[in-house]
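Quick notes on the structure that follows.
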Amino acid sequence: MKKFGLYLFGFIAFAAFTSCNEASIEGRWVEPVPGMEGVVQGVNLEEGGKASSINMATLQYEKWEKLGDKLILDGKSIGNHQTISFSDTLVIEKLTVDELTLKKGNFVVRYKRQ
């Protein structure tokens with residue numbers, strides 16, 4: 001019976017350790033705006049799948065969904081007197097407590113948590 005208790009303790013400790021290391025994708029993710037020192041842009045991924053843009057007037061994120069290693073961002077692109085709905089699927093290359101790297105083809109964006 002002591003052996004079972006030891007195994008149970010080991011399993012609980014392992015589960016607690018792995019759940020603590022799992023970073024949440026929810027949050028405010030930003031990157032520097034090229035050529036504009038001190039200015040950032042990005043996306044706010046809120047609880048419940050709501051998304052919003054950070055400092056991007058022409059790209060309005062509305063919702064998000066994480067499926068495995070993919071992040072799906074939906075929204076509207078606004079410009080030239082027209083509004084176009086979009087849905088982008090990006091591969092999550094890296095996700096830590098303070099870093100998020102997304103990739104789509106040759107396009108790579110590296111965010112920091114704000």
Using atom types as modelled and distance alone, determine if a side-chain donor or acceptor of [X] lies under 3.5 Å from a backbone N or O of [Y].
| X | Y | result |
| --- | --- | --- |
| Glu37 | Val33 | no |
| Trp29 | Thr101 | no |
| Thr89 | Ile72 | no |
| Asn55 | Val40 | yes |
| Thr58 | Gly79 | no |
| Lys66 | Gly68 | yes |

Contact check, side chains of [X] and [Y], non-hydrogen atoms, under 4.5 Å:
| X | Y | value |
| --- | --- | --- |
| Asp74 | Glu62 | no |
| Ser52 | Tyr61 | no |
| Val109 | Glu31 | yes |
| Val30 | Gln114 | yes |
| Trp64 | Val43 | no |
| Val91 | Leu102 | no |

What is the minimum heavy-atom distance between [X] and [Y], and which atoms define it?
| X | Y | value |
| --- | --- | --- |
| Thr96 | Arg113 | O-NH2, 4.1 Å |
| Ala51 | Leu45 | CB-CD2, 4.3 Å |
| Ala57 | Ile78 | O-CD1, 4.2 Å |

For the atom pair [atom1] ([X]) and [atom2] ([Y]), what is the distance rounded to the nearest 0.5 Å?
| X | Y | atom1 | atom2 | answer |
| --- | --- | --- | --- | --- |
| Gln41 | Ile54 | CD | CD1 | 10.0 Å |
| Glu46 | Arg28 | CD | CZ | 9.0 Å |
| Glu93 | Arg110 | CD | CZ | 8.5 Å |
| Glu65 | Ser87 | CD | OG | 9.0 Å |
| Lys76 | Leu59 | NZ | CG | 12.0 Å |

Given the rule that I, L, V, M, F, W and Y join up when any side-chain heavy atoms are under 4.5 Å apart, are Phe107 and Met56 in one cluster? yes

Would you say Asp69 has more than 12 foreign heavy atoms packed within less than 6.0 Å of its CG? yes

Working for salt bridge (Lys or Arg N to Asp or Glu O under 4.0 Å), residues Lys94 and Glu99: CA-CA 7 Å; Lys94 181 178 184 180; Glu99 292 182 61; 3.1 Å; yes

Salt bridge or not between Asp98 and Lys112? Use side-chain N to carboxylate O under 4.0 Å. no

